[in-house]
Enquirer: 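Below is the structure I would like to discuss, written out as C-alpha cells.
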Protein chains: 2
Amino acid sequence: MRSKGAFRTGIARDSNLTEASVSRILNELRKENIVEEKRQQTSNAGAPTGFVTLSKDIAILGIELSNSRLSFGVGDLKGTLDYVERMPASPQLSQQDFEHLFAEGTANIREWIGARGIALRQAAMSVPGYGREGGNPIYPWDIRRLALLLGEALPGVPLTFTNSVIAQAAFHRYSYPAGYDISGDHLFLFAGHGVAGVIVNDAAPVDAFSAFEIGHMVIERDGLPCRCGHKGCLEAYTSLRAISPIIGLSDADILTRGDHFMEALSVDPTARKALRERQFLLGLALGNALNLHSVPKVVISGWPSLMPEADRVAIADGLNQSLLGGYSPERLELAFIEPLIGNDPKAALHYAAYCFVRGGALDEKSGQHAALEEIA
Amino acid sequence: MRSKGAFRTGIARDSNLTEASVSRILNELRKENIVEEKRQQTSNAGAPTGFVTLSKDIAILGIELSNSRLSFGVGDLKGTLDYVERMPASPQLSQQDFEHLFAEGTANIREWIGARGIALRQAAMSVPGYGREGGNPIYPWDIRRLALLLGEALPGVPLTFTNSVIAQAAFHRYSYPAGYDISGDHLFLFAGHGVAGVIVNDAAPVDAFSAFEIGHMVIERDGLPCRCGHKGCLEAYTSLRAISPIIGLSDADILTRGDHFMEALSVDPTARKALRERQFLLGLALGNALNLHSVPKVVISGWPSLMPEADRVAIADGLNQSLLGGYSPERLELAFIEPLIGNDPKAALHYAAYCFVRGGALDEKSGQHAALEEIA
DNA sequence: GCAGGATAATTACACTGTGTAAATATGTGG
DNA sequence: CCACATATTTACACAGTGTAATTATCCTGC
C-alpha cells in the first residue's frame with residue numbers, strides 16, 4: 001500500500017508469488033480496469049519491465065470529522081483531491097442537526113459529481129474515537145446512521161468507517177510523496193485536536209489496526225478536567241486546545257496557521273518550560289503505553305514535532321520514568337514528523353483508496369489479493 | 001486448542017473445511033500418530049461419529065521460572081504431569097550460577113526419561129518479562145543461552161520460550177477441565193508474584209499474543225519503589241509481595257498455602273481497606289490499559305479473585321476514573337478466576353503442548369493446520 | 001538491417017488441496 | 001433381514017500455484 005505503484009519483480013517478491021502467478025493476476029486486474037501498467041526499460045539489455053499503478057480513473061470519497069468540522073473530499077486512488085468542502089460541526093450538535101449537516105454535504109457532492117459524470121466507487125469516513133464498543137463520549141452521535149443517509153444520496157457507494165488516528169497513521173505512512181520512511185512495527189502518536197495513537201504493523205492490514213486512546217490515559221490523579229469527563233487525562237495536558245492558553249493562540253488561529261503556527265510565535269521561557277512539562281507527561285504516558293504494547297519505534301506527529309529538539313528531551317525524561325528497562329535511543333527510536341495540521345479530509349480519502357483496494361470479493365489468502373496489496 | 005478433543009463435525013465447522021477435507025486430514029494425522037480417534041454413538045440411528053484427541057503417547061517438557069524458583073515438569077499433551085522438580089532460583093543469581101542450576105535440572109530429567117525410555121518431543125519455557133526487546137530488568141539473564149544447555153542434555157528437543165503471563169493465560173483458558181468458559185477477545189490479567197496481562201484473541205494463535213506489562217504502568221508519580229527500578233508502578237502496589245505486609249504473611253507462606261491463603265486469615269478492617277485501595281489502583285491501571293486496547297471482557301486471576309465480592313467494587317471505582325466512557329457491567333465484563341497459586345510448571349507444560357501442535361512443517365494457511373488447531 | 005545476447009512476460013504442464021456429490025459403511029428399530 | 005438415518009470415504013471437477021519451456025522485447029555489435 002504505497003500509492004506510488006510497483007514493479008512486477010517487487011510485487012512478486014513482496015507477495016511471495018512467482019512472476020508467472022503475478023502475470024496471471026495482473027491480467028485479471030487489467031481486465032477489471034483496476035490497475036494500469038507501463039513498460040519501462042530498466043536495464044541496458046533485455047525486455048522492458050512493467051510498472052504497475054492503480055487506475056487513475058477511479059473516484060473515491062473521503063469524509064473526515066475533526067477540528068470541529070465535517071469535511072468532504074472527492075479524489076482519486078493516489079489521493080489527489082478534486083473537490084473539498086468543510087463545514088463547522090460542533091460536538092454539541094444534536095443527532096438530528098448533525099445528520100442534516102451530513103445530508104447537506106452529500107447532496108452537494110451528488111450535484112458536483114452529477115455535473116461531471118463521475119461515479120464514486122468507494123467512500124470512507126474517519127471519526128475520532130470510532131470503534132470503541134463502549135461508545136464515544138466525545139462525539140456521542142450514532143455514526144452508523146450516516147450509511148443510510150449516504151445510501152440515499154449516493155446509492156451503491158460502499159462506506160467504511162474508521163478511527164481518525166488510524167486514517168492519519170495510514171496517510172502519513174503510505175501516501176506519496178509525503179509518506180515517512182520508517183519500516184517495521186511502530187507506534188504512531190498523533191497530538192492534534194485530540195491525542196491518540198495506533199500501532200502500525202506492516203504485516204497486518206490497515207483495517208486490522210486499532211486505535212490507542214492514549215489521550216485518555218490518566219497520568220495525574222485528580223488532575224485537569226478532560227472533555228471525556230475524567231480528570232488528569234493526557235489529552236487535558238497535551239492536545240492543541242490544552243496548549244493554546246500557554247502559547248497565547250486560540251485553537252482556531254492554530255488551525256488557520258497550520259504547521260507554521262509555532263514559527264510565528266516568540267514563545268517566552270515560562271511558556272517553553274510549561275511546554276516541556278507537558279512533553280514530560282507525554283513521555284510518561286508513552287512509556288506506560290509501550291509497556292503494554294512494546295514496539296522499537298515511535299513516530300510522533302503533532303506540536304512536539306514543531307518544538308526545538310532540545311525541548312523534546314523532556315519526552316525522553318518522561319519515558320525514563322515509566323518504560324520498563326528505561327529509555328535509550330538504542331532501544332527506542334523516536335521520530336518526529338510534520339503533523340500537516342488542517343489537511344482534512346486527505347487522510348480519509350487515503351483510507352477510502354485503501355478500502356477500495358481491500359474491497360470486493362477477493363479472498364484474503366489469495367495470491368491476487370496479496371499482489372494487489374503490494375501495488376496499493 | 002481445548003486439550004479435551006473434538007468431534008469431526010466441530011472440527012469441520014470451526015476450521016471452515018468440509019467433512020471430506022477433515023477426513024483426509026485426519027487420515028494423515030493418524031498415520032503420523034499425532035491424533036487418536038474413538039468412534040461413539042451419538043444419535044439414535046446412524047453411524048457412530050469420531051471423537052478426536054491428541055495422542056497420549058507424546059511426552060513434552062515444561063520449564064517455568066516463577067515464584068523465585070525454577071520448575072521442570074514432564075507430561076503429556078493433555079497436561080498430565082508425570083515428573084516435577086522445583087529448584088529455588090533467586091533473581092540475584094549470576095548468569096553462570098543460573099545456567100548451572102538449569103543444567104542440573106536438565107541432567108535430572110535426562111536421567112528420569114532415560115530410565116523409562118521416554119522420548120521428549122517438545123519443550124517450552126516461560127519467563128516473566130520475556131519477549132521485550134528492551135531487555136528484562138527483573139531477570140537480567142541471557143535466557144536464550146539455555147537452548148544450548150538443553151541441546152546438550154536433551155539433543156533434538158525443540159525449545160520455545162514465552163512470557164509467563166502468556167503461558168498462564170493459555171493454561172487457564174484452554175486446559176481441561178479447569179479452563180474458563182469465556183469466549184471472544186478479552187484481557188487476561190494475572191496478579192501473582194508479578195503483575196501482567198495478555199490480550200487473548202481467539203482468532204490469533206497463542207504465540208502471536210504479546211504480554212501486557214501492566215504491572216509496570218506508573219500509576220502514582222514518585223510512588224512506591226518497584227523492583228524494575230521505577231517508582232509508582234502498579235506491581236509495587238498489587239503483587240503478592242506488595243500485599244504480604246498488609247495481610248501479615250510472608251510470600252513464602254502464601255506460596256505454600258496456595259489459593260487458600262486468604263481463607264486462613266482473619267483480615268482486619270484496616271487491612272481490608274488497604275487492600276481495597278490497592279484494588280482501586282488496579283482498576284485505574286486497567287482502565288488506562290483498556291483505553292489503549294479495548295476489549296469487552298477482562299479475566300482477573302490473582303489475589304483479588306480470593307477477596308470478598310463487595311471489596312472488588314473498588315476495581316470498578318478505579319475503572320470509572322480512567323476508562324473512556326466510564327465503566328458499567330454492560331460495557332465491560334469482569335470475571336474472576338482462581339489463580340492456582342504454586343502450580344508451576346503446569347502452564348509451561350501446556351504451552352509446550354501447544355507448541356508441539358503448532359510445530360512442524362504445517363503451512364499456517366493449510367486446512368490440515370486449521371483442523372489440528374481445532375483438535376488441540 | 002540483422003543476429004546474438006540479455007531480460008521480461010506468457011503459457012503448457014504437473015501438482016496440491018479444496019468442495020461437491022455419489023458411494024460405502026455403520027448403526028438402530030421394526 | 002430390511003428400511004432408515006447418520007457418518008465416512010472417495011471419485012471427480014475446479015482453482016491456483018510453481019516449474020520450466022516458449023515467446024516477446026529490448027540493446028549492442030557487426
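A note on names: the letters A, B, ... follow the listed sequences, proteins ahead of strands, and every chain is numbered from 1.
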Enquirer: Nearest to the side chain of A:S21, heavy atoms from C-beta on, is which of D:dT9, C:dG19, D:dT17?
Expert: D:dT17

Enquirer: Ring centres under 6.0 Å, that's the criterion: do A:H293 and B:F212 meet it?
Expert: no

Enquirer: Picking from C:dA9, D:dG18, D:dA7, which would you name as closest to the side chain of A:E19?
Expert: C:dA9

Enquirer: Side chain of A:A45: nearest nucleotide among C:dA6, C:dA8, C:dT20?
Expert: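 Among C:dA6, C:dA8, C:dT20, the one nearest the side chain of A:A45 is C:dA6.
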
Enquirer: Which nucleotide wins on minimum distance to the side chain of B:Q41, given the candidates C:dT28, D:dC27, D:dT17?
Expert: C:dT28

Enquirer: Quickly work out the B:Q40 CD to D:dT8 P distance and round it to whole Å.
Expert: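 So the two atoms are 11 Å apart, to the nearest Å.
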
Enquirer: Nearest 0.5 Å, please: how far is CZ in A:R13 from CD in A:E19?
Expert: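 It comes to 10.5 Å.
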
Enquirer: Can you measure B:L17 atom CG to D:dA7 atom P for me and round it to whole angstrom units?
Expert: 18 Å

Enquirer: Would you please confirm or rule out a distance under 4.0 Å between OP1 or OP2 of D:dT9 and any side-chain N or O of B:R8?
Expert: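 Yes, within the criterion.
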
Enquirer: CZ of A:F7 versus C1' of C:dA8: gap in Å, rounded?
Expert: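 Distance check: A:F7 CZ to C:dA8 C1' gives 12 Å.
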
Enquirer: Find the distance A:E28:CD to D:dT17:P and express it as a whole number of Å.
Expert: 11 Å

Enquirer: Just verifying a value: how many Å separate A:S21 OG and A:N16 CG, rounded to the nearest 0.5 Å?
Expert: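 That separation rounds to 11.0 Å.
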
Enquirer: What nucleotide, of D:dA7, C:dT10, C:dG27, holds the atom closest to the side chain of A:S23?
Expert: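 Among the listed nucleotides, the one closest to the side chain of A:S23 is C:dT10.
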
Enquirer: Distance check needed: C:dG17 C1' versus B:N16 CG, whole Å only.
Expert: 15 Å

Enquirer: Between B:T49 and D:dT8, is there a contact of a side-chain N or O with OP1 or OP2 at under 4.0 Å?
Expert: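 True: B:T49 side-chain N/O within range (under 4.0 Å) of D:dT8 OP1/OP2.
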
Enquirer: Assuming nearest nucleotide by heavy-atom distance, tell me which of B:R39 and A:A47 is located more 5' along DNA chain C.
Expert: A:A47

Enquirer: For B:G50 and for B:G46, locate the closest nucleotide of DNA chain D by heavy-atom distance; then report the residue assigned to the nucleotide nearer the 5' terminus.
Expert: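 By nearest-heavy-atom nucleotide position, the 5'-most residue is B:G46.
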
Enquirer: Whole angstrom is fine here: how far is it from NZ in A:K38 over to C1' in C:dA8?
Expert: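 Distance, rounded to whole Å: 17 Å.
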
Enquirer: C:dT28 P sits how many Å from B:N44 CG, rounded?
Expert: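 It is 9 Å, rounded to the nearest whole Å.
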
Enquirer: Would you say that more than 12 heavy atoms from the other residues, nucleotides or ligands in this model lie under 6.0 Å from the CZ of A:R116, or not?
Expert: yes

Enquirer: B:E37 has a side chain; which of D:dA20, C:dA8, D:dT8 sits nearest to it?
Expert: D:dT8

Enquirer: Determine whether B:N27 and B:R30 satisfy the following criterion, side chain to side chain donor-acceptor pair (under 3.5 Å), listing intermediate values before the conclusion.
Expert: CA-CA 5 Å; B:N27 274 338; B:R30 267 206 308 278; 2.4 Å; yes

Enquirer: I want to verify a distance call: between C:dA21, D:dA7, C:dA8, whose nearest atom is closest to the B:T42 side chain?
Expert: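 The closest nucleotide is D:dA7.
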
Enquirer: Rounded off to whole Å, could you give me the CZ-to-P distance for the B:R24 and D:dC12 pair?
Expert: 14 Å

Enquirer: So what does B:T18 touch, heavy atoms closer than 4.0 Å: a base, only the sugar-phosphate, or nothing?
Expert: base

